Amino acid sequence: MPGMPALQPLLRAFFERDPREVAPELLNKILVRDDGRAGRIIEVEAYCGADDPAAHTFRGMTKRNHTMFGPAGHLYVYFTYGMHWCCNTVCGPEGEGWGVLLRAVVPIADIERMRSARGGARSDRELANGPAKLTQAMGIDGSFDGADIVLDDRGVSVRTDGTLPPAQPRMGPRVGISRAKDFPWRWRNPDVTR
DNA sequence: GGTAAGATCAGC
DNA sequence: CTGATCTTACCA
């Protein structure tokens, strides 16, 4: 994209940490597809394995969640509510089942492709302001489960254009969970209402 | 083998 | 607020 600074990949070490550290630092990073689609991450939630009753990985490894127990810097993509895909960045040491759910991005490149992937005319803000909306807009489904977002082995990666995370992110309880409702492990950019 | 719940979304 | 829609996980 002309005029846009080069997008640098993140280091594996960025993801090899506690998701409660990684999550706020993912704000303002960029989710990139190899077909040109890109969006700036503005809302995330941390999920902390055996320490977190709301995490898919709380009760150990299953066929569905095994990616989240794998090495950091990969994508855990899961299907829910009979129709939606959502994606997480796997974090921490291998075997912990830690990750960060990507909940919203602001479209920044190939917005028309994102709009058509979402099925028609909508405001730019509605294109990817939810965890299942962003996967639909970015063309991410179960075939991307386990993709390496550092090495970009399947055409999906998380990169930086040099923009720092917000100095004062808005923090609060996570959305749509029934257990551990009080854990304040959701972060978003201060200037977004959603 | 049966079943309840789900890290959601769109439309009313 | 409710319906859609179906996989997964857990229990028997």
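Just so we're clear, the structure is a prediction, and the values are computed from it rather than from any experiment. Keep in mind that the numbers below use all heavy atoms, side chains included, and drop hydrogens, waters and symmetry copies. In the text below, chain A, chain B and the rest are named by the order of the sequence lines, each starting its count at 1.
Nucleotide B/dA7 holds its C1' atom 19 Å from the CH2 atom of A/W98, rounded to whole Å. The separation between A/D145 atom CG and C/dT7 atom C1' is 14 Å, rounded to whole Å. Atom pair A/N65:CG and B/dG6:P shows a separation of 16 Å (rounding to whole Å applied). Taking atom CE of A/M68 as the reference point, atom P of C/dA9 lies 13 Å away to the nearest angstrom. Rounded to whole Å, atom C1' of B/dA7 lies 12 Å from atom CG of A/L102. Across the protein-nucleic acid pair, A/R64 atom CZ and B/dA5 atom P stand 15 Å apart, rounded to whole Å. Rounded to an integer number of Å, the gap from CZ of A/F58 to P of C/dC10 is 11 Å. To the nearest angstrom, P of C/dC11 lies 8 Å from CZ of A/R59.
Base pairing of C/dT5 is not made with any nucleotide, judged by Watson-Crick or G-U wobble geometry with both donor-acceptor distances under 3.5 Å. When Watson-Crick and G-U wobble pairs are counted only if both distances are under 3.5 Å, B/dG2 pairs with C/dC10.
Look at A/T62 and you'll find a side-chain N or O under 4.0 angstrom from OP1 or OP2 of C/dA9. Close to B/dA10, at under 4.0 Å from its OP1 or OP2, lies a side-chain N or O of A/K133. Applying the 4.0 Å criterion to OP1 and OP2 of B/dA7, one finds that A/H56 has a side-chain N or O inside that range. In this model, the phosphate group of B/dA7 is not approached by any side-chain N or O of A/R179 to a distance below 4.0 Å at OP1 or OP2. Distances shorter than 4.0 Å separate none of the side-chain N or O atoms of A/T80 from OP1 or OP2 on C/dC6.
Between A/T89 atom OG1 and A/L75 atom CG the span is 7.5 Å, to the nearest 0.5 Å. Atom-to-atom distance recorded for A/R64:CZ and A/T57:OG1 is 10.5 Å, nearest 0.5 angstrom.
Defined by atom type and a distance below 3.5 Å, a donor-acceptor pair is missing between the side-chain atoms of A/S123 and A/R125.
By the 6.0 Å and 45° rule, A/R17 stacks over the aromatic ring of A/F14. Figure legend: A/R174 and A/Y47 shown as a cation-pi pair, the cationic atom lying under 6.0 angstrom from the six-membered ring centre and within 45 degrees of its axis.
Residue-level contact check: A/A54 touches the bases, meaning some heavy atom is under 4.0 Å from a base atom. Using a 4.0 Å heavy-atom cutoff across all strands shown, A/R174 reaches no nucleic acid atom at all. Using a 4.0 Å heavy-atom distance criterion, A/L101 is classed as a base contact.
Ring-to-base geometry does not place A/Y81 in a stacked arrangement with C/dA4 (centre distance under 5.5 Å, plane angle under 30° required).
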Decide salt bridge (charged side-chain N to carboxylate O under 4.0 Å, His left out) for A/R154 and A/D34; before the verdict, give the C-alpha distance in whole Å, the side-chain angles of both, and the deciding distance to 0.1 Å. CA-CA 8 Å; A/R154 282 188 232 168; A/D34 56 351; over 6 Å; no
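Listed candidates were B/dC9, B/dG6, C/dT7. Nearest to the side chain of A/R118 is B/dC9. The side chain of A/F79 lies closest to C/dC6, out of B/dT8, C/dT8, C/dC6. The listed nucleotides are B/dG6, B/dA7, C/dT5; the one nearest the side chain of A/M83 is C/dT5.
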